[in-house]
Amino acid sequence: MILYDPRQAHSLREFGILIPVEESRARETFARLCSHPLLGPRRAVWHIDRIQERITREDLLRVHAPGYVSRLESERLEEEILRAFELLLPDGGWNRYDPRLARLPLRELFARILERAAGTLQCGRIALQTGFCFYFGGGMHHAQRDFGAGFCLVNDLVVALRRLQTEGRIRNAWVIDVDAHKGDGTAALTADDPTIATLSIHMAAGWPLDQPPVDARGNPNPSFIPSTIDLPIAAGEEADYNVRLREGLSRLEAEQPSADLALVVCGADPYEKDELPSTAGLRLSLAQLFERDRLVWEFLRARGVPGAWVMAGGYGRESWRVYAQFLAWALPQI
Ligand SMILES: [Zn+2]
């Protein structure tokens, strides 16, 4: 199934934020699937077009610190958004942000982010019912327990898993994160949780791993807390990427032999044509990305583990190609 609510389409530019997340990636991917000879006529079978879930304060409190949740609900929200989206430079200037271009106040972004997180929860639910769902949003894997980072204010992945666990729908889960950046928030939030095993394959260098290991107050930086399985790929090692991923998936299964649900953080940003400067350390071709996605799909199908996939990172005008090629292959099989 595809979970895509066209009404959810929005651009960060409406808020004056100039990060190149193109809404066209969802729209363009969907258009390609609709014009596919097998899929087009069967759209009603594979497309769910409404986000019906809601994320509550209780959902956030299962994952985030009470003080942080309170700040998000107070006048300090704007400060937290500025930090999470890295809009403020140390000298007080704006970074990839121009409030003069904003049509909407920054604080209104929070409701939209919660809607996105609701999509991830719904995606998990649909995957449990049908075996496969791909949500055209979600994947805010950098959000930490008491602060947001890397364009991620709340960690929708852990929020969704904890809600499904609380409802008794699932017990154990895997998070398979193939975004270019380490799934550091997810790793830190689940480090002491034996029910959630995480795999992250990511750039060995660069953000978030280029930060100081301790902050100005001497507190350890949670970005360095390991995932269950970390697979750092150095620049120039692209040819080994899928070999390492295959081995890593076997190790994940050895660590936690069963999962009731897998969340796949399917970032398109390892693509060689990605336009965000901080993704330059990994340059996979379309063919390598297709192999990546097929590998994860087949790994889950062979084990009968439902897969809830989210778009995560993917920047610039070309990233839709990564999603479209995989879905045009996978969807006709369900
Ligand atoms: Zn990323």
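Order of listing sets the numbers, starting from 1, for every ligand and every atom in it.
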Pair up each side-chain donor or acceptor in residues 289-300 with any protein partner under 3.5 Å, not counting sequence neighbours, and list the distances.
residue, atom, partner, partner atom, Å
Arg292, NH1, Val178, O, 3.0
Arg292, NH1, Gly267, O, 2.8
Arg292, NH2, Gly267, O, 3.0

message: Could you tell me if Asp156 and Thr120 have a donor-acceptor pair between their side chains, going purely by distance under 3.5 Å?
response: yes
message: Please tell me whether Gln211 and Ser223 have a donor and an acceptor in their side chains that are separated by less than 3.5 angstrom.
response: yes
- prompt: Do Arg321's NZ or CZ and the ring of Tyr271 fall within the cation-pi criteria of under 6.0 Å and 45°?
  reply: no
Run the side-chain donor-acceptor check on residues 42-51: report pairs under 3.5 Å with partners two or more places apart or on a different chain.
residue, atom, partner, partner atom, Å
Trp46, NE1, Leu39, O, 3.0
His47, NE2, Tyr4, O, 2.9

task: Please report the number of protein N, O or S atoms that lie less than 2.8 Å from the Zn ion (ligand 1).
output: 3
field: Counterpart residues, salt bridge (Lys or Arg N to Asp or Glu O under 4.0 Å), relative to Arg171 (two or more places apart)
entry: none
